[in-house]
Each structure stands twice: as C-alpha cells, then as structure tokens.
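Written below as structure tokens is the structure these notes are about.
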Amino acid sequence: MITFITGNKHKVIEAENIFKDYDINLEHIDLGYCEPQGTLEQVAISGAKYASRKLNKPVIVEDAGLFIKALKGFPGTYSSYVQETLGNQGILKLLDGVNDRYAEFRSVIGYCAPNSEPKIFLGKVIGEIAVEEKGDLGFAFDPIFYVPNEGKTFGELTTEEKNQFSHRKNSLEKFIKWYSIQ
Ligand code: ITT
C-alpha cells in the first residue's frame, strides 16, 4: 500500500487511473505539508520525507508545474499560486503577440518510506500555449496547454487520453517501474 499525499483531487483521479493497471494499492490522504520555496525536486524530497515520518508509512507526493519558454520558465514552481491569481486568461495576456509558445509540464514524484531516504522521479510533456482556452476537461492550465501531436489541448482530452503521455503519467510510470523491482 502506498499513500498519495495531495490536496488536489484531479491529481488523485489521474493517479488512480494510472495505478489501476498495476498490482499496487494506492490510498489518498490530504495531509498538508509545508512546501519550502525551491525547485520541484526540493519540494518533492522534503514533502515525501516529512509525510512518511509523520504517518510512518511509505508515501508519494508530487510537485508539478508549467514552464513557459518565452517567460523564462514562469510560472514553474509558482504554478499553483499563478493559476489562482492570474489564471489562464492572465497567462494568455502575457503571451499576447508572442510567437514562440513552447511550454513544458513537469512532474516530480517524491517517494519515501519510514527509515529510508527519499527518491525522486521526473516526468515531462512538451507542448505549446494555445491562443485561447479550449475544452473543459482536466483542470487548471489544461485548456491552454496545446499538444501538437494530438491537435488538441489537455482540456479536450479525457483522463484516459491525457494519461497516455502526460507529465504525471511519465513520472508515475518511472516510479512504478522502480518500485516493482524493490
Ligand atoms: P498538492 O501540492 O496538494 O499535490 P497542488 O495543486 O498545490 O496540490 P502543485 O503544488 O504540484 O499541486 O502545483 C502544481 C500546479 O501546477 C497545480 O496547482 C496546477 O495549477 C498546475 N498543474 C500541475 N499539473 C497540471 C496538470 O496536469 N494540468 C493542469 N495544471 C497542472
């Protein structure tokens, strides 16, 4: 049994859908942990260590973000706050008239068991910031994250479709592969 620590119910839905193909039981707890200001990796490491010590269980946490090239990686580690404040319309405004719309979603999974040191697993997916919001599936930045190979935004993909190649799928799959041979 692995406990996924998160306050984001969309992440839980996606993770459950990914884990169901494997023989690993996943439970979810919204423990809340203090996120130090730092990289995705630093946040994932400290969150996983804190939660596994606190619950005395093996846990995973995830720190994720949207990195926009023309904005030098913004909002990156500030994604959650920027989504709540500027929102998708604010991001579209910042990119008004900008041609290079390259962006990446990155996800870092931190795993830690009691009495051991944390491990991290990085996943990413590349795409572009659309010129307008499209679709109402998914959450947060999904309607403005356009995937050229699909010809659609994440907001137009079902959970199953997004889970074929998302940043979260890639990081969780790396974790699952490693965990399965422990
Ligand atoms: P927890 O820390 O409790 O897990 P959170 O929502 O605060 O939940 P993060 O700290 O990892 O999660 O913040 C990442 C933010 O990046 C998230 O709130 C969204 O705004 C955005 N984000 C991450 N993954 C995303 C995805 O798959 N689709 C859309 N937006 C995403």
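Counting convention: from 1, in listed order, for ligands and their atoms alike. The model shown is predicted, which means the values in this text are computed figures rather than measured ones. As a basis for the values below, the full set of heavy atoms in this structure was taken, side chains included, without hydrogen atoms, waters or symmetry mates.
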Under 4.0 Å from a heavy atom of [X]: which atoms of ligand 1 are those, numbered in the order shown and with their elements?
{"X": "Ala140", "value": "19 (C), 20 (O), 29 (C), 30 (N)"}
{"X": "Ser79", "value": "15 (C), 16 (O), 20 (O)"}
{"X": "Thr6", "value": "1 (P), 3 (O), 4 (O), 8 (O)"}
{"X": "Ala64", "value": "11 (O), 13 (O), 14 (C), 16 (O), 23 (C), 24 (N)"}
{"X": "Gly7", "value": "1 (P), 3 (O)"}

Using the rule given for salt bridge (charged side-chain N to carboxylate O under 4.0 Å, His left out), can you reason through Lys134 versus Glu156, listing the C-alpha separation, both sets of side-chain angles and the distance that settles it, and then say yes or no? CA-CA 7 Å; Lys134 272 214 170 130; Glu156 296 175 290; 5.5 Å; no
Give a yes/no verdict on whether any heavy atom in His167 is under 4.0 Å from an atom of ligand 1.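 For ligand 1, residue contact (heavy atoms, under 4.0 Å) with His167 is present.
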Between ligand 1 and His10, can you find any atom pair, the residue atom being a heavy atom, that is separated by under 4.0 Å?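 For ligand 1, residue contact (heavy atoms, under 4.0 Å) with His10 is absent.
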Should Gly65 be counted as touching ligand 1, given the test is an N or O pair under 3.5 Å?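 Checking ligand 1 against Gly65, no N or O pair falls under 3.5 Å apart.
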Is there a polar contact, in the sense of an N or O pair closer than 3.5 Å, between Lys162 and ligand 1?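 Among all N and O atoms of Lys162, at least one is under 3.5 Å from an N or O of ligand 1.
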My understanding is that only one of Glu173, Glu16, Glu14 makes a salt bridge (charged side-chain N to carboxylate O under 4.0 Å, His left out) with Arg168; could you say which?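 Running salt bridge (charged side-chain N to carboxylate O under 4.0 Å, His left out) over Glu173, Glu16, Glu14 with Arg168 returns exactly one hit, Glu14.
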Tell me the contacting part of Phe105 for ligand 1: side chain, backbone, both, or neither, using a 4.0 Å heavy-atom threshold, strictly below.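 Side chain only.
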Applying a 4.0 Å heavy-atom criterion (strictly less than), which segment of Glu62 is in contact with ligand 1: side chain, backbone, both, or neither?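 Looking at Glu62 and ligand 1, just backbone atoms fall under 4.0 Å.
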Can you tell which of Ser166, Ser80, Gly87 gets a heavy atom nearest to atom 17 (C) of ligand 1?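 Of the listed residues, Ser80 has the closest heavy atom.
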Option with minimal heavy-atom separation from atom 28 (N) of ligand 1, where the choices are Thr77, Asp142, Ile144, Ile5: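 Ranked by closest heavy atom to atom 28 (N) of ligand 1, first place is Asp142.
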Do Phe175 and Tyr179 have their ring centres less than 6.0 Å from each other?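 Ring-ring flag for Phe175/Tyr179: true, centres closer than 6.0 Å.
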Hey, mind stepping through Glu117 and Lys49 against salt bridge (charged side-chain N to carboxylate O under 4.0 Å, His left out) and telling me if it holds? CA-CA 7 Å; Glu117 285 307 305; Lys49 197 165 178 175; 3.3 Å; yes
Determine whether Val12 and Leu26 make a side-chain contact, defined as any pair of heavy atoms from C-beta on separated by less than 4.5 Å.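 Contact flag for Val12/Leu26 side chains = no.
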Side-chain touch Ile5/Leu55, heavy atoms, less than 4.5 angstrom: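 Contact flag for Ile5/Leu55 side chains = yes.
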Can you tell me how far CG of Leu172 sits from CZ of Phe121, rounded to the nearest 0.5 angstrom?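 The CZ atom of Phe121 sits 10.5 Å away from the CG atom of Leu172.
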